[in-house]
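Input: a single structure, listed below in structure tokens.
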Amino acid sequence: MSAAAGDFRLRDGRIGAVLLTGFAFAALLAPFLSPGDPLSIVGTPLVRPFTDAAVPLGTDRLGRDVLALILHGSRTTLAVALAAAFCALAVGAAVGAAAGLAGGWIDEGLMRLTEAFQTVPGFLLALAIVSVAGPSIASIVAAIAAGAWPGPARLVRAEVLSIRERDFVMAARAIGMHPFEIAWREVLPLALPPAVALVSVIVAGAILTEAALAFLGLGNPNVASWGALIAEGRAVLRTAPFLSIVPGTALVVAVLGVHLAGEGIAARLSAPVHR
Amino acid sequence: MSRIARILVRRLAGIVPVAVIVVGGTFLLLEAAPGDAVDAYLASTGGDRALVEELRRAWGLDAGPLARLWLYISALAHLDLGWSVAFSRPVIEVIGQRIANTLLLMGCSVALAVFVGSLLGVVAGSRPGSAADRALSLGSLALYAVPGFWLGLVLIVVFSVELRWLPGGGFETIASGLTGLARAGDIGRHLALPVAALGSIYLALYLRLMRAGMVEAWRQDFVRAALARGLPRRQIVWKHVARNALLPVITMVGLQAATLLGGSVVVESVFAIPGLGRLAHEAVVQRDTPLLLGVILTGAGLVILANLAVDLLYGWIDPRVGAGAETMA
Amino acid sequence: MATRNPRRFDSFAVSRRQTLAGSAALLAASAWPSRAQAPRRGGRFVVAADSEPRNLNPAIVASNGVFHVASKIVEPLAEAAYGTKDGLAPRLATSWEGAADGLSATFRLRAGVTWHDGKPFSSADVAFSALEVWRKLQNFGRVVFKDLSAVDTPDSATAVFRFAKPTPFQLIRNALPSLTAVVPRHLYEGTDIGANPYNAKPVGTGPFAFAEARPGEYTRLVRNRTYRDAGQPFVDEIIYRVLPDRAAATGALEAGEVHLAAFSQVPLDDLARVGKVPGLQVVTKGYEALTYQLVVEINHRRKELADLRVRRAIAHAIDRDFVVRTVFLGYAQVSDGPVPKNDPQFHAAGLAMPGFDPARANALLDEAGYRRDGRGVRMRLRLLPAPFFGETKAFGAYLRQALGAVGIEAEIVGNDTPGHIKAVYSDHAFDLAVGPPVYRGDPAISTTVLAQGGLPAGVPFTNQGGYRDEAMDALIARAASTLDEATRTELYREFQRKVVADLPFINVAEWGFTSVASRKAHNLDTNPRWPVSNWADVWLEA
């Protein structure tokens, strides 16, 4: 039974991989598929999708090409999400490894810090950081990462705690290897993979958080972004619903793709155990 | 010392350093913000130079940041959350007016997500790999991918504007004069859509947890033993498998408390519910430091309480004991 | 409505104009029978409010957000009106007259008026409000009444304002509707006025009395049973329901949960559709004295922008018609200078604002020595659109593109409200900013502060761009102290010509707001400051 479920998860994972590859292509090829500034006004406002070949997905309230905005927006969305996930993982791994290896009051202090970040709702934190720092790509990435790093940190710490008592680490310590070298060479390569499995969750969360921030008016105004498109479309939700439906669909499909791909990877990682 | 008391003491002792970090961090964050409460205020009024200076003095913003942080912390030690300049009221009073709304919204959303999610998870997990399982798993994942604000807007358009079944915003009918059950019904009608928007997103989480737990449980010895004994499948599902899978669900409720509070910011804003989430947004926009600190501390307090409750619940229903006893019988 | 669309249209706009004209005709058709109906008494008038002012004392805070609620409770000496002498209608004062020397102004006050708490109203209240509140505390009263030295009260129905220096009565008169809310002396005297608890639950003489406020939910006003005008007000209650989200306001209107959303809370893009929803109406009248101006503020500290040729080039790069048509969907007017066209009292005809001409803009920039580099960029500027309105942000997006077309690369810096105020008006950390200053019916209390030099930093909506011109400052000072109306008016026309020639800032468009309301509500446009007037004549169909 579980093997069957595993197969489904692998197949879902392949669907996810296909979706993600599509988005990666859109993001990479956006400058070629739709050259020029996506934020430039090219036609009359609020043209409906599929009515004008020049703007296949219609135009927004200022007359900008929705297809160009979606294509270029995928760059922003994926860049923000990947960067946020990378930062969260890097910070989380560093904090978790430091806490797990150092132990004592350093561990205590770092874990209290982690706990403090976990008790503050991540979105509230992101909201405050972006309001304060102004909506730029960097501040949005930092804001999302600020709410996402405690998860990997706890996971890495737990792994490190279990690994550091194992024989080969003891051996390394016995032959006088520097603690940093032990951490880098012996412990982290084993402690990281479980945390990497969190990437899909973090990326999906980052896409949604970026959109929610843009919905509250905290997107970067200089680049195209799906969240900003939805925020703009929400004002004309009844008059031009396509303006929120098109980027909303892109968003849902992207997040779904990430989730499915994550499932597939998890299934692949755990499959040998079950068989 | 009893187990529950030990959990309580450990948790409570952990609160103080966490609170200090949260207060210090939030304070520094708002200190780094461009513009202060006076700038926010002047945007709607304008005013000359002397007025600007008078306001800064009156609102205590002319002192240095460290002096203000110290003032705040020493007041906090006396459980005084300070004065909200944006509302011209004590922070505690402003939060008091809103906290019940948020608790109700969150409570109902969690209940919806956990109850419906677990139920569907049981359905999915009772026959892993079946068509129902596939449909539920994929459907819930798709729902989990939907942004909450978007779901809220769609619900408003369909159920409030088009069908006119439910009110599209607010916490209750304004100055309705209703009391007792009638008022509760009125609030329920207002909360139906926001709870649906906030709850359905997290529903997926519990569905998947429950399902995964059940898939795991099917492999456990005592379940195999029960199967071998020829017990009816339905009975095994409910008595052994589902019960065993409930534990991670409870853990998740505690873990999700903070996320849910974050999600309520957007949902409260879409549905015009005067709650803590929207208050936090207003506090940031108005640069009302004491208010934002108060909301974040309250939020952190709620999260800590939720986790405490989960800990206690965990200790109360240790399922391994129950399940073990069952298999022995 | 259609007449507000001032210019030629492309095919898209024609169809839009037709729909607008169609809904206008619909409106007129349904308005006829209802005009004939007799006003009905009773009912609860529910109004969407996107903000909740903490201080509801209009004598201290003269802003539209406060007036929206407080003007029903606390009355000014006079209110703006259509087609009357001086454009005013009596409120607490029945007549007003300025002395020729500009050193005094006499107000005859209404007799027999009582405060909501039952105490009688008298000239002492006016004297107290003027001397202790308007002159000392009010954001704009501090300018208009700065030379007020005393208020004589020869009897309970007469107040004589005495000025230490000649003060133009034209200015006082124009300030009556917005700056002269009278508060009860017996509740304020001897207290810390700024911290007085009645600022949050005002007591006045108006048609409605304050009942209760639930922060984040609503503010409730009830009918003043002793209002002087028998029969008015018509409605029993006014409820301001807090709906900070614009989409939520539209939904609440369509669901019939609120009767009115004023101040363009319903986004312009939705108006064409909302106007066709049965039971709803779009009202654009009633905002004539509440004009907002779309202005490009310029930081003259940047050496490029200190060059008039560059400023003219920027003005030439902006297609004002396009802005009105696209950003404002026709609900605005092209601006030709610092005084809106809908103020015939002061507006100067024939101003030579640089028109849309990208070729001329490019030529001017070349001439100024800012040539395009390899990437076609002449200079890079920071552009800060004010975050207060969707229109200021949308115009920011347009301006970025329009400047790009003439080789100026503008990077939009997005800030929230306090961040914007601080960056532009305190730190001067901008090159170009988009601001929406309010025109207050007299240049002395609005637009001149955008051109006057030497104003202290940290004061929002004033000249913080570092522009300083002696002739301009002299002109502003002379106009401010000129008593003769004709001369004073001519000086302000001279001011407009100088602004258009010098371009210390660039006016792009001017707009009033729109209301969307239930068709059951009547008399929603009876004066030029309607949303911030007293609403005594508003009534609801059953």
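Each chain gets a letter, A, B and so on, in the order the sequences are listed, and its residues count up from 1.
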Out of [options], return the one with the most heavy atom pairs under 4.5 angstrom to chain B.
{"options": "A:Ala204, A:Gly248, A:Ser244, A:Gly122", "answer": "A:Ser244"}
{"options": "A:Ile245, A:Thr209, A:Ile207", "answer": "A:Ile245"}
{"options": "A:Val253, A:Leu125, A:Val258, A:Leu127", "answer": "A:Leu127"}
{"options": "A:Ile230, A:Val252, A:Val120", "answer": "A:Val252"}

Worksheet item: Heavy-atom distance under 4.5 Å to chain B: side chain of A:Leu113, backbone, both or neither?
Response: both
Practice prompt. Check whether A:Ala128 gets within reach of chain B through its side chain, its backbone, both or neither, counting any heavy atom under 4.5 Å.
Written response: both
Worksheet item: Would B:Leu138 and A:Leu260 satisfy side-chain contact (heavy atoms from CB on, under 4.5 Å), going step by step from the backbone distance to the final call?
Response: CA-CA 9 Å; B:Leu138 259 182; A:Leu260 288 175; 4.0 Å; yes
Practice prompt. Taking side-chain hydrogen bond (donor to acceptor under 3.5 Å, both in side chains) as the test, write out the residues that go with B:Ser264, two or more places apart.
Written response: none
Item to complete: Go through the structure and list residues passing side-chain hydrogen bond (donor to acceptor under 3.5 Å, both in side chains) with B:Arg98, not counting sequence neighbours.
Response: none
Taking all heavy atoms of [X] and all of [Y], pick out the closest pair and write down the distance.
{"X": "B:Val303", "Y": "A:Gln118", "value": "CG1-O, 4.5 Å"}
{"X": "B:Gly262", "Y": "A:Pro121", "value": "N-CB, 3.7 Å"}
{"X": "A:Ala212", "Y": "B:Phe149", "value": "CA-CE2, 3.5 Å"}

Fill in: Residue B:Val146 versus chain A: region with a heavy atom under 4.5 Å
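B:Val146 touches chain A through backbone and side-chain heavy atoms alike.
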Discussion item. If I measure from the heavy atoms of chain A, does B:Val154 come under 4.5 Å with its side chain, its backbone, both, or neither?
Written reply: neither
Fill in: Audit row: B:Tyr144, A:Leu256, side-chain contact (heavy atoms from CB on, under 4.5 Å) steps and yes/no
CA-CA 8 Å; B:Tyr144 194 46; A:Leu256 193 60; over 6 Å; no
